[in-house]
Every structure is written in structure tokens, then in C-alpha cells.
Amino acid sequence: MTAPGESPSDAGLQAERTGLAWSRASLGVAANAVLLAVREVGHGPPGPAAVPAALAVLLAVATALYGRRRTARLRRAPLPRPLAAHRAIPLLGTGVAVLALLSGLVLVL
């Protein structure tokens, strides 16, 4: 435990951990896009997997951009108020859930 006015031992690492988490999330969504696109390669005209693949690309870019912005905000001192994001996190989370549902439907069809 730190004394009042003393910085914790991992000061500055919160932004680093946040940036890494957002990078992992955007990489996972981008991998989903690649897997869906590979499924469509060589099958003639674009099929049903093209829509979730395009959605995954957009979502991966949005996640990466928001992650960079969020990490930059956390590197500032003092920390911004309010610290929690009120709109972006639910929107990105809903996008990932919809992408998972569409990807599952495409794989079943």
C-alpha cells in the first residue's frame, strides 16, 4: 500500500496494459476477418461470409483507433475525469457480439 502523495510502484503501466489489451482485441477481430475472407477465396462471387468479414475489418480498425486514443488519454497526468468510457465500450462490445453471431451463422450455413 502506498502512502498519500506517493506514487504506486507500477505508475505509468496502466496505459501500457490498456494499449496491449486494445491491441489484442483488434488483432482478434482482424483475425476473424481474415478467416472469413479466406473461406470465400476461390468460391466465385462473394458469398454470405463477405458481410461479416467487412464488418470485422471495420470493427478491427475502430477498435485499434479507439485503443490508441484511450491509451494516449491514460498517459496524461493527472488522469482524465470521467475515467470510464460511457459510449465507446458498449458500442464496440455490441459490435463484437454481433460479429460473433454473424460469423457463427455463416459457418453453419
Side-chain angles (χ1 to χ4, degrees):
M1 184 163 228
T2 60
E6 189 179 11
S7 63
S9 62
D10 70 342
L13 294 180
Q14 179 182 8
E16 176 108 11
R17 288 190 301 266
T18 298
L20 291 172
W22 283 104
S23 295
R24 283 190 304 270
S26 64
L27 183 61
V29 174
N32 188 349
V34 169
L35 291 173
L36 289 169
V38 165
R39 188 172 195 269
E40 292 296 309
V41 171
H43 289 98
V51 172
L55 174 64
V57 169
L58 291 173
L59 193 57
V61 170
T63 302
L65 291 175
Y66 182 76
R68 287 178 58 100
R69 180 175 161 241
R70 185 76 178 150
T71 301
R73 285 189 74 198
L74 289 175
R75 287 182 191 223
R76 288 190 224 140
L79 288 175
R81 294 280 182 227
L83 188 58
H86 294 285
R87 288 182 301 240
I89 305 299
L91 285 174
L92 290 171
T94 301
V96 170
V98 168
L99 176 63
L101 179 64
L102 289 175
S103 297
L105 288 174
V106 165
L107 293 175
V108 171
L109 299 176

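To the nearest 0.5 Å, atoms CG (L20) and CG (L27) are separated by 12.0 Å. Expressed to the nearest 0.5 Å, how far CG of L92 lies from CZ of R87 amounts to 12.5 Å. Atoms CG and CG, from L102 and L36 in turn, are 9.5 Å apart once rounded to the nearest 0.5 Å.
Transitive grouping of hydrophobic side chains (ILVMFWY, heavy atoms separated by less than 4.5 Å) keeps L107 and L99 in distinct clusters.
Side-chain contact between V106 and R39 is present, with heavy atoms from C-beta onward closer than 4.5 Å.
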For residues 45-69, which side-chain donor-acceptor pairs fall under 3.5 Å, sequence neighbours excluded?
residue, atom, partner, partner atom, Å
T63, OG1, L59, O, 2.7

